[in-house]
2 protein chains.
Amino acid sequence: MPKRSITSYHVATAAGVSQSAVSRAFSPGGSIAEKTRKHILSIAGEMGYQPNAIARSMSTARTDVRQKSGMVGVIVTRLQDPFFANTIAHFSRDLQAKGWQMLLFSVDTQNEVDDALNSLMQFKIDGVIVLSAILSEHMAQVCKAQGIPVMLYNRDPQDEGICSVQIENFEGGQIAAEVLLEAGHEQIAFVGGGPSDPTTIERERGFVERLGESGLKPFRRETGDYTFDSGREAALRLFSRRERPDSVFCASDVMALGILHSARHDFSLEIPEDFSLIGFDDISSAAWPDHLLTTIRQPIRRMIGEAVDILTERMDDPELPPKSTRFPGALILRNTVRGMGPK
Amino acid sequence: MPKRSITSYHVATAAGVSQSAVSRAFSPGGSIAEKTRKHILSIAGEMGYQPNAIARSMSTARTDVRQKSGMVGVIVTRLQDPFFANTIAHFSRDLQAKGWQMLLFSVDTQNEVDDALNSLMQFKIDGVIVLSAILSEHMAQVCKAQGIPVMLYNRDPQDEGICSVQIENFEGGQIAAEVLLEAGHEQIAFVGGGPSDPTTIERERGFVERLGESGLKPFRRETGDYTFDSGREAALRLFSRRERPDSVFCASDVMALGILHSARHDFSLEIPEDFSLIGFDDISSAAWPDHLLTTIRQPIRRMIGEAVDILTERMDDPELPPKSTRFPGALILRNTVRGMGPK
DNA sequence: CTTGATATTGAATGCGCATTCATATATGCA
DNA sequence: TGCATATATGAATGCGCATTCAATATCAAG
């Protein structure tokens, strides 16, 4: 028999004080005698009273410019991808640690982001984090108008007034090229996402540019969709032809592992004896002993910490100017590049 | 310059109707002329008005027994684990498809579950899903008293009034034993979680019981914590001794892959030539061509679909009796059990 | 033991919405 | 055409809380 929950009025009655007093007892800066507060909190504890966050949010709408809900909206694409799952895990932890709740919305494509944000905004989220996607120009405006700070994770800040945190994709691509060149490779293939994927574009650009400095061009370019299977399929195309690459730079570890498995299983190729392979991200399975994938690591703990810091600061003080940060990737030398093992 | 958002009053004024009319225009069953509704919706659209879910929730607290927030709390342990990440992805999708928002809270240990639920309840969630953990007796009572349906995913229903969805762990253990026995193994080791982990207990029980029917006992038992590294360490202990098992049943794929990688890398063992290995869950990397792990599959799409159905039905109608469902695991024969390849 | 300043307290209010109740308008049927 | 019924609308209300404002209690200094 569900019954309505205990309110501050009930506690007030039981404690012999006014409802205002109860409210103040639960507000950090409340003007209330310490003795009274103790008494109220004790009674409230006995009764199992917890302030209603929804009502609190309504109430603050009166004096604040915007009502605060204490919730942060998080929009994520490809949640099943281990890289993003891990990212979410960190965001969740960091947000919670600062007392924010996470309203999670997962979408499949960029197109759904606007709808997701609309749904989230009905809940009066205090800020929003978008993973590997951007907002439409319109929604960016709406957020700005409403004073909702936006954090783009893994994307360039699309607009004035929007914050972002991401890895140095261009430099990461350069590093990969550098390593492969240094190992003496010349038939270097690239595997990335589609031609309109911003992440791929940057990584490929850095990669191609660095190759160019040595007078080389990518040996071949294959497209995938950041899934293991698409990596495997890329490998199938790459190694089925007469002319095989002597090395591959792959814009994501998941796809790189697809290539690695395919090479071993479908073509009985040894790595790095038959070809070198370098990935991007440094997901945990890249370090598994039978993989030992050489890759560019994203310092995601620091990146996410920074993203949460930037966002929470702006939720507390909407006047702060937007901020964007880029982190350098770190080369993790393992065993998939010829002659270049761990130091 | 953040400004307060548009309310139903603004729309009402602009449309030349009362606030009630606007509210009704946005309420599916509202008593309002179709013509008026169209007009209001059109004006609202132009103004970019969206009903405030928080205020709506406050309002419904008046007539309903409990206020409805439209949010489901999800408490998850070990979010970084690919199995759970994937589970969350599905929950998110299914919940969204039915119009529910997901308030996600990740915890590290069972101890934190109560606190998490308390935080979530302040937001007046309409239901809660707990992954691989249970509630304290006290919180279970509180939820019951408040009429908040609880769905335990991956756990036995701990209490009257609580719903659950899980895999048949006991039978899964039996199947694993069956397969290994059939393959002619006799030195069969078990690797699972700690002795108080309910999942491990059941799987191990089924496994041991089936071995017993053939007059066998587990060759050895190693403990891990469901991480890849703990699987690897278990393998280190298992294969460093003179007497090696001829096969291993591992209560989770992640740990099983730790064993597989360790066996190949640390001991140069071939699978299934040198020993057989069988996992549990069927995570996606179990199917990677250079793994091809034989395992017991959890039909998680169906399981999660069922969990969401059960929960949403009860959020809509709190009078429904609790329901618990168990799904059978399916043996997926790949290449890690001697003589038993895919059919 | 005053007086003025300060710390506490309670009553009243409104956040934005859904809903009830009373009223006005439209529809059906004789 | 007239009356009963159904439908559409608006005014008023309260959900649970934080906050403002006014009133009271407490305290320090003279």
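From a predicted model like this one, the values you see are computed outputs, not experimental measurements. Worth knowing before you read on, the calculation uses all heavy atoms, side chains too, and leaves out hydrogens, waters and symmetry mates.
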task = Return the value, rounded to whole Å, for the distance between atom CD of B:Gln122 and atom P of D:dC17.
result = 10 Å
task = Heavy atoms under 4.0 Å is the rule here; annotate nucleotides 18-28 of chain D 5' to 3' with B where the base is hit, S where only the sugar-phosphate is, and - elsewhere.
result = BBB--------
I'd like a table of donor-acceptor pairs (distance under 3.5 Å, sequence neighbours excluded) in which one partner is a side-chain atom from residues 14-21 of chain B, with atom names and distances.
| from | atom 1 | to | atom 2 | distance (Å) |
| --- | --- | --- | --- | --- |
| B:Ser18 | OG | B:Ser20 | N | 3.4 |
| B:Ser18 | OG | B:Ala21 | N | 3.3 |
| B:Gln19 | NE2 | B:Ser8 | OG | 3.4 |

Rounded distance in Å - CD1 (A:Ile32) to P (C:dT9) = 6 Å
query = If you check every side-chain atom of B:Asn52, which of D:dC17, C:dA11, C:dC17 has the closest atom?
reply = C:dC17
Detail all sub-3.5 Å separations between protein N/O atoms and N/O atoms belonging to nucleotides 24-28 of chain C.
none

A:Ser8 side chain near D:dG16 phosphate (N/O to OP1/OP2, under 4.0 Å) = no
query = Whole-Å distance between C:dG16 P and A:Ile54 CD1?
reply = 15 Å
remark   = For B:Asp94, the salt bridge (charged side-chain N to carboxylate O under 4.0 Å, His left out) test, sequence neighbours excluded, returns none
inquiry  = Within the 3.5 Å criterion, strictly below it, is a donor on B:Ser164 or B:Arg326 matched to an acceptor on the partner's side chain?
reply    = no
Could you give the side-chain donor-acceptor pairs of residues 306-317 of chain B under 3.5 Å, partners two or more places apart or in another chain?
| from | atom 1 | to | atom 2 | distance (Å) |
| --- | --- | --- | --- | --- |
| B:Glu306 | OE2 | B:Thr325 | OG1 | 2.8 |
| B:Asp309 | OD1 | B:Lys98 | NZ | 2.6 |
| B:Thr312 | OG1 | B:Val308 | O | 2.8 |
| B:Thr312 | OG1 | B:Asp309 | O | 3.2 |
| B:Arg314 | NE | B:Pro321 | O | 2.7 |
| B:Arg314 | NH1 | B:Ile310 | O | 3.1 |
| B:Arg314 | NH2 | B:Pro321 | O | 2.6 |
| B:Asp317 | OD1 | B:Glu319 | N | 3.0 |

query = B:Ile40 has an atom CD1; how far is it from atom P of D:dA8, in whole Å?
reply = 13 Å
message = Between the opening five pairs and the closing five pairs of the helix from C:dC1-D:dG30 to C:dA30-D:dT1, how far apart are the helix axes, to 10°?
response = 20°
ask   = What pairs with B:Asn154 under side-chain hydrogen bond (donor to acceptor under 3.5 Å, both in side chains), at least two apart in sequence or on another chain?
value = B:Ser132
request  = Measure the distance from CD1 on A:Ile6 to P on D:dC17 and round it to the nearest whole Å.
outcome  = 11 Å
remark   = So the ring pair (Phe, Tyr, Trp, His ring centres under 6.0 Å) pairs with at least one residue in residues 89-127 of chain A (sequence neighbours excluded) are A:Phe91-A:Tyr153
Under 3.5 Å, which donor-acceptor pairs do the side chains of residues 37-46 of chain A form with other protein atoms, sequence neighbours left out?
| from | atom 1 | to | atom 2 | distance (Å) |
| --- | --- | --- | --- | --- |
| A:Arg37 | NE | A:Ala25 | O | 3.1 |
| A:Arg37 | NH2 | A:Arg24 | O | 3.0 |
| A:Arg37 | NH2 | A:Ser27 | O | 2.8 |

task = Select from B:Thr36 and A:Gln50 the residue whose nearest nucleotide in DNA chain D is closer to the 5' end of that strand.
result = B:Thr36
B:Ala116 versus B:Val107, closest heavy-atom pair with distance = CB-CG1, 3.8 Å
note = Between NZ of A:Lys124 and C1' of C:dC15 the distance, given in whole Å, is 12 Å
request  = Find the distance A:Phe123:CZ to C:dC15:C1' and express it as a whole number of Å.
outcome  = 18 Å
query = Residues in side-chain hydrogen bond (donor to acceptor under 3.5 Å, both in side chains) with B:Ser196, at least two apart?
reply = none
remark   = Across all chains, not counting sequence neighbours, the side-chain hydrogen bond (donor to acceptor under 3.5 Å, both in side chains) partners of A:Thr7 are none
ask   = By side-chain hydrogen bond (donor to acceptor under 3.5 Å, both in side chains), which residues pair with A:Gln166, not counting sequence neighbours?
value = A:Asp156
key: Residues B:Asp159, B:Lys144: salt bridge by 4.0 Å N-O rule   = yes
task = Could you tell me the separation between the CZ atom of A:Arg37 and the P atom of C:dA7, rounded to a whole number of Å?
result = 15 Å
key: Nearest-nucleotide pick for B:Ala61, side chain only, options being D:dC15, C:dT9, D:dA8   = D:dC15
